[in-house]
Amino acid sequence: MKKFAVAIDGPSGAGKSSIAKALAKKLNIIYVDTGAIYRTVGLYVYRHNVDSKDEDSIIAMLSDISVSLDYVDGVQHIFLNGEDVSDLIRTETISRYASDVSAIPEVRAFLLNLQRDMAKENSVIMDGRDIGTVVLPDAEVKIFLTASAEVRARRRFKELTEKGETVTFDEVLAAIITRDRNDSSRATAPLKAADDAVILDNSDINASETLDRVIDIIRSKTAE
Ligand code: DC
(Lines give C-alpha, C1' and ligand atoms only; values in the text may rest on other atoms or scores of the structure.)
Protein backbone atom coordinates (compact mmCIF):
# COMPACT_ATOMS: atom_id res chain seq x y z
CA MET A 1 0.00 0.00 0.00
CA LYS A 2 1.15 3.53 -0.78
CA LYS A 3 2.45 5.70 2.10
CA PHE A 4 -0.37 7.55 3.88
CA ALA A 5 -1.00 9.68 6.95
CA VAL A 6 -3.88 9.67 9.38
CA ALA A 7 -4.28 12.87 11.43
CA ILE A 8 -6.33 12.68 14.61
CA ASP A 9 -6.96 15.96 16.39
CA GLY A 10 -9.21 16.84 19.27
CA PRO A 11 -9.33 18.04 22.86
CA SER A 12 -7.64 16.37 25.85
CA GLY A 13 -9.24 13.16 27.00
CA ALA A 14 -11.22 12.37 23.86
CA GLY A 15 -9.35 9.07 23.61
CA LYS A 16 -7.10 10.03 20.69
CA SER A 17 -4.03 8.22 21.94
CA SER A 18 -5.77 4.91 22.79
CA ILE A 19 -7.44 4.88 19.39
CA ALA A 20 -4.25 5.87 17.58
CA LYS A 21 -2.20 3.22 19.38
CA ALA A 22 -4.70 0.48 18.56
CA LEU A 23 -4.89 1.61 14.94
CA ALA A 24 -1.14 1.80 14.51
CA LYS A 25 -0.89 -1.79 15.66
CA LYS A 26 -3.71 -2.93 13.42
CA LEU A 27 -2.40 -1.11 10.35
CA ASN A 28 1.24 -1.81 11.24
CA ILE A 29 2.26 1.85 10.95
CA ILE A 30 3.97 4.29 13.34
CA TYR A 31 2.01 6.19 15.97
CA VAL A 32 3.33 9.68 16.67
CA ASP A 33 2.01 11.20 19.90
CA THR A 34 2.72 14.90 19.36
CA GLY A 35 1.38 15.93 22.78
CA ALA A 36 4.41 14.12 24.25
CA ILE A 37 6.68 16.51 22.35
CA TYR A 38 5.06 19.58 23.95
CA ARG A 39 5.06 17.84 27.32
CA THR A 40 8.81 17.27 27.01
CA VAL A 41 9.44 20.98 26.46
CA GLY A 42 7.10 21.64 29.40
CA LEU A 43 9.13 19.26 31.57
CA TYR A 44 12.37 21.07 30.71
CA VAL A 45 10.83 24.44 31.62
CA TYR A 46 9.40 23.05 34.86
CA ARG A 47 12.74 21.51 35.86
CA HIS A 48 14.45 24.86 35.37
CA ASN A 49 11.94 26.62 37.65
CA VAL A 50 10.77 28.91 34.89
CA ASP A 51 7.16 30.06 34.95
CA SER A 52 5.18 28.33 32.18
CA LYS A 53 3.89 31.72 30.98
CA ASP A 54 7.32 33.40 30.88
CA GLU A 55 7.57 33.43 27.07
CA ASP A 56 10.88 35.28 26.75
CA SER A 57 12.74 32.93 29.10
CA ILE A 58 11.21 29.87 27.43
CA ILE A 59 12.14 31.07 23.94
CA ALA A 60 15.71 31.68 25.16
CA MET A 61 15.87 28.10 26.47
CA LEU A 62 14.89 26.40 23.21
CA SER A 63 18.46 26.19 21.92
CA ASP A 64 19.34 24.06 24.97
CA ILE A 65 16.58 21.56 24.28
CA SER A 66 16.82 18.52 22.07
CA VAL A 67 13.72 16.34 21.69
CA SER A 68 13.86 13.02 19.87
CA LEU A 69 11.66 10.01 19.35
CA ASP A 70 12.44 6.34 19.16
CA TYR A 71 10.33 3.20 18.96
CA VAL A 72 10.81 0.13 21.14
CA ASP A 73 8.57 -2.80 20.17
CA GLY A 74 6.31 -0.31 18.39
CA VAL A 75 5.95 1.91 21.48
CA GLN A 76 7.01 5.56 21.26
CA HIS A 77 9.71 6.70 23.65
CA ILE A 78 10.57 10.36 23.95
CA PHE A 79 13.96 11.75 24.88
CA LEU A 80 14.88 15.09 26.40
CA ASN A 81 18.57 15.75 25.76
CA GLY A 82 19.11 12.00 25.57
CA GLU A 83 17.11 11.07 28.72
CA ASP A 84 14.03 8.88 28.30
CA VAL A 85 11.26 11.01 29.87
CA SER A 86 8.29 9.03 28.50
CA ASP A 87 6.82 8.40 31.96
CA LEU A 88 7.88 11.64 33.67
CA ILE A 89 5.79 13.78 31.31
CA ARG A 90 2.46 12.16 32.32
CA THR A 91 1.52 14.25 35.35
CA GLU A 92 -1.12 16.94 35.78
CA THR A 93 1.59 19.57 36.42
CA ILE A 94 3.33 18.77 33.17
CA SER A 95 -0.05 18.76 31.35
CA ARG A 96 -0.46 22.36 32.43
CA TYR A 97 3.09 23.29 31.45
CA ALA A 98 2.63 21.61 28.05
CA SER A 99 -0.57 23.54 27.40
CA ASP A 100 1.11 26.85 28.31
CA VAL A 101 4.33 26.33 26.33
CA SER A 102 2.35 25.11 23.32
CA ALA A 103 0.75 28.55 23.00
CA ILE A 104 4.14 30.11 22.19
CA PRO A 105 4.60 30.35 18.38
CA GLU A 106 8.41 29.91 18.64
CA VAL A 107 7.89 26.64 20.53
CA ARG A 108 5.52 25.39 17.84
CA ALA A 109 7.94 26.38 15.07
CA PHE A 110 10.80 24.66 16.95
CA LEU A 111 8.86 21.37 17.04
CA LEU A 112 7.32 21.44 13.57
CA ASN A 113 10.05 19.72 11.55
CA LEU A 114 10.47 16.93 14.05
CA GLN A 115 6.79 16.08 13.51
CA ARG A 116 6.84 16.49 9.73
CA ASP A 117 10.01 14.39 9.41
CA MET A 118 8.26 11.45 11.04
CA ALA A 119 5.67 11.47 8.24
CA LYS A 120 8.19 11.98 5.43
CA GLU A 121 9.59 8.48 5.49
CA ASN A 122 6.76 6.47 7.07
CA SER A 123 3.04 5.93 6.99
CA VAL A 124 1.93 7.43 10.27
CA ILE A 125 -0.99 7.96 12.51
CA MET A 126 -0.34 11.20 14.33
CA ASP A 127 -2.45 12.75 17.06
CA GLY A 128 -2.48 16.25 18.47
CA ARG A 129 -4.34 19.54 18.09
CA ASP A 130 -3.13 20.94 14.77
CA ILE A 131 -2.09 17.87 12.79
CA GLY A 132 -4.79 18.17 10.12
CA THR A 133 -4.60 21.97 9.99
CA VAL A 134 -0.85 22.73 10.23
CA VAL A 135 1.52 19.78 10.63
CA LEU A 136 0.14 17.48 7.91
CA PRO A 137 -2.38 19.53 5.93
CA ASP A 138 -2.17 16.95 3.11
CA ALA A 139 -2.95 13.94 5.31
CA GLU A 140 -5.11 11.43 3.45
CA VAL A 141 -7.37 10.96 6.48
CA LYS A 142 -8.29 13.63 9.03
CA ILE A 143 -10.42 12.90 12.04
CA PHE A 144 -11.48 15.31 14.77
CA LEU A 145 -12.26 13.18 17.79
CA THR A 146 -14.20 14.87 20.54
CA ALA A 147 -16.51 14.26 23.52
CA SER A 148 -18.21 16.43 26.15
CA ALA A 149 -15.96 17.88 28.88
CA GLU A 150 -17.83 15.84 31.56
CA VAL A 151 -17.30 12.55 29.74
CA ARG A 152 -13.63 13.33 29.14
CA ALA A 153 -13.13 14.33 32.79
CA ARG A 154 -14.74 11.08 33.93
CA ARG A 155 -12.33 9.05 31.79
CA ARG A 156 -9.31 11.07 32.89
CA PHE A 157 -10.31 10.86 36.58
CA LYS A 158 -10.49 7.06 36.33
CA GLU A 159 -7.08 6.92 34.64
CA LEU A 160 -5.42 9.17 37.24
CA THR A 161 -6.90 7.47 40.29
CA GLU A 162 -5.89 4.07 38.87
CA LYS A 163 -2.35 5.42 38.64
CA GLY A 164 -2.55 6.45 42.30
CA GLU A 165 -2.71 10.26 41.79
CA THR A 166 -4.88 11.95 44.42
CA VAL A 167 -7.27 14.25 42.60
CA THR A 168 -10.98 15.02 42.80
CA PHE A 169 -13.37 14.79 39.85
CA ASP A 170 -14.05 18.54 40.09
CA GLU A 171 -10.33 19.32 39.85
CA VAL A 172 -9.98 17.12 36.78
CA LEU A 173 -13.03 18.71 35.14
CA ALA A 174 -11.77 22.22 35.89
CA ALA A 175 -8.33 21.35 34.45
CA ILE A 176 -9.93 19.98 31.27
CA ILE A 177 -12.06 23.08 30.81
CA THR A 178 -9.02 25.34 31.32
CA ARG A 179 -6.91 23.31 28.88
CA ASP A 180 -9.72 23.35 26.28
CA ARG A 181 -9.90 27.11 26.61
CA ASN A 182 -6.09 27.52 26.37
CA ASP A 183 -5.73 25.15 23.44
CA SER A 184 -8.66 26.57 21.46
CA SER A 185 -8.09 30.27 22.07
CA ARG A 186 -4.38 30.61 21.33
CA ALA A 187 -3.51 32.63 18.27
CA THR A 188 -1.12 30.12 16.67
CA ALA A 189 -2.43 26.74 15.49
CA PRO A 190 -5.41 26.60 17.86
CA LEU A 191 -7.29 23.39 18.48
CA LYS A 192 -9.86 23.22 15.69
CA ALA A 193 -11.14 20.75 13.15
CA ALA A 194 -9.67 21.04 9.66
CA ASP A 195 -12.30 21.92 7.04
CA ASP A 196 -11.87 18.46 5.51
CA ALA A 197 -11.84 16.51 8.80
CA VAL A 198 -14.53 14.01 9.74
CA ILE A 199 -15.89 14.98 13.18
CA LEU A 200 -16.48 12.06 15.50
CA ASP A 201 -18.10 12.72 18.89
CA ASN A 202 -17.66 9.66 21.10
CA SER A 203 -19.49 10.93 24.22
CA ASP A 204 -22.07 8.16 23.87
CA ILE A 205 -20.02 5.32 22.40
CA ASN A 206 -17.29 3.18 23.94
CA ALA A 207 -13.67 2.75 22.87
CA SER A 208 -14.26 -0.29 20.71
CA GLU A 209 -17.17 1.35 18.86
CA THR A 210 -15.01 4.45 18.37
CA LEU A 211 -12.27 2.29 16.89
CA ASP A 212 -14.76 0.64 14.49
CA ARG A 213 -16.00 4.04 13.33
CA VAL A 214 -12.45 5.30 12.82
CA ILE A 215 -11.56 2.21 10.80
CA ASP A 216 -14.63 2.78 8.61
CA ILE A 217 -13.57 6.39 8.04
CA ILE A 218 -10.02 5.32 7.09
CA ARG A 219 -11.35 2.64 4.71
CA SER A 220 -13.65 5.05 2.96
CA LYS A 221 -11.00 7.79 2.70
CA THR A 222 -8.19 5.54 1.48
CA ALA A 223 -10.52 3.93 -1.08
CA GLU A 224 -11.41 7.33 -2.58
O1 DC B 1 -2.33 15.51 23.88
P2 DC B 1 -1.70 15.97 25.20
O3 DC B 1 -2.70 16.18 26.28
O4 DC B 1 -0.57 15.08 25.64
O5 DC B 1 -1.06 17.39 24.86
C6 DC B 1 -0.44 18.19 25.83
C7 DC B 1 -0.57 19.67 25.43
O8 DC B 1 0.20 19.91 24.27
C9 DC B 1 -1.99 20.12 25.10
O10 DC B 1 -2.57 20.84 26.17
C11 DC B 1 -1.86 21.01 23.91
C12 DC B 1 -0.49 20.79 23.38
N13 DC B 1 -0.47 20.21 22.04
C14 DC B 1 -0.52 21.08 20.99
O15 DC B 1 -0.63 22.28 21.20
N16 DC B 1 -0.43 20.62 19.72
C17 DC B 1 -0.33 19.31 19.48
N18 DC B 1 -0.23 18.88 18.21
C19 DC B 1 -0.31 18.38 20.55
C20 DC B 1 -0.41 18.87 21.84
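Indexing begins at 1, ligand by ligand and atom by atom, following the structure's order. Just so it is clear, the model here is predicted, and its values are computed rather than measured.
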Indicate whether any N or O donor in one side chain lies under 3.5 Å from an N or O acceptor in the other, for Asn81 and Tyr44.
-> no
With distance as the sole criterion, is a donor-acceptor pair present between the side chains of Arg108 and Tyr38 under 3.5 Å?
->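 Side chains of Arg108 and Tyr38: pair found under 3.5 Å.
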What one should report as the nearest heavy-atom pair of Gln76 and Ser86 is O-OG, 4.4 Å
Going by the ring-ring contact (aromatic ring centres under 6.0 Å, His included) test, which pairs reach into residues 138-181, not counting sequence neighbours?
->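 As it turns out, there is no ring-ring contact (aromatic ring centres under 6.0 Å, His included) pair with a partner in residues 138-181 once direct neighbours are skipped.
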Salt bridge flag under 4.0 Å for residues Arg96 and Glu92 |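 Here Arg96 does not pair with Glu92 in a salt bridge, since their nearest N and O are not under 4.0 Å apart.
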Near ligand 1, which residues have a heavy atom under 4.0 Å away from one of its atoms?
->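 The 4.0 Å shell around ligand 1 contains Thr34, Gly35, Tyr38, Arg39, Ala98, Ser99, Ser102, Arg108, Gly128, Arg129, Asp130, Ile131, Arg179, Asp183, Arg186.
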pair Leu111-Val41: side-chain heavy atoms closer than 4.5 Å =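 Heavy-atom side-chain distance check passes, below 4.5 Å.
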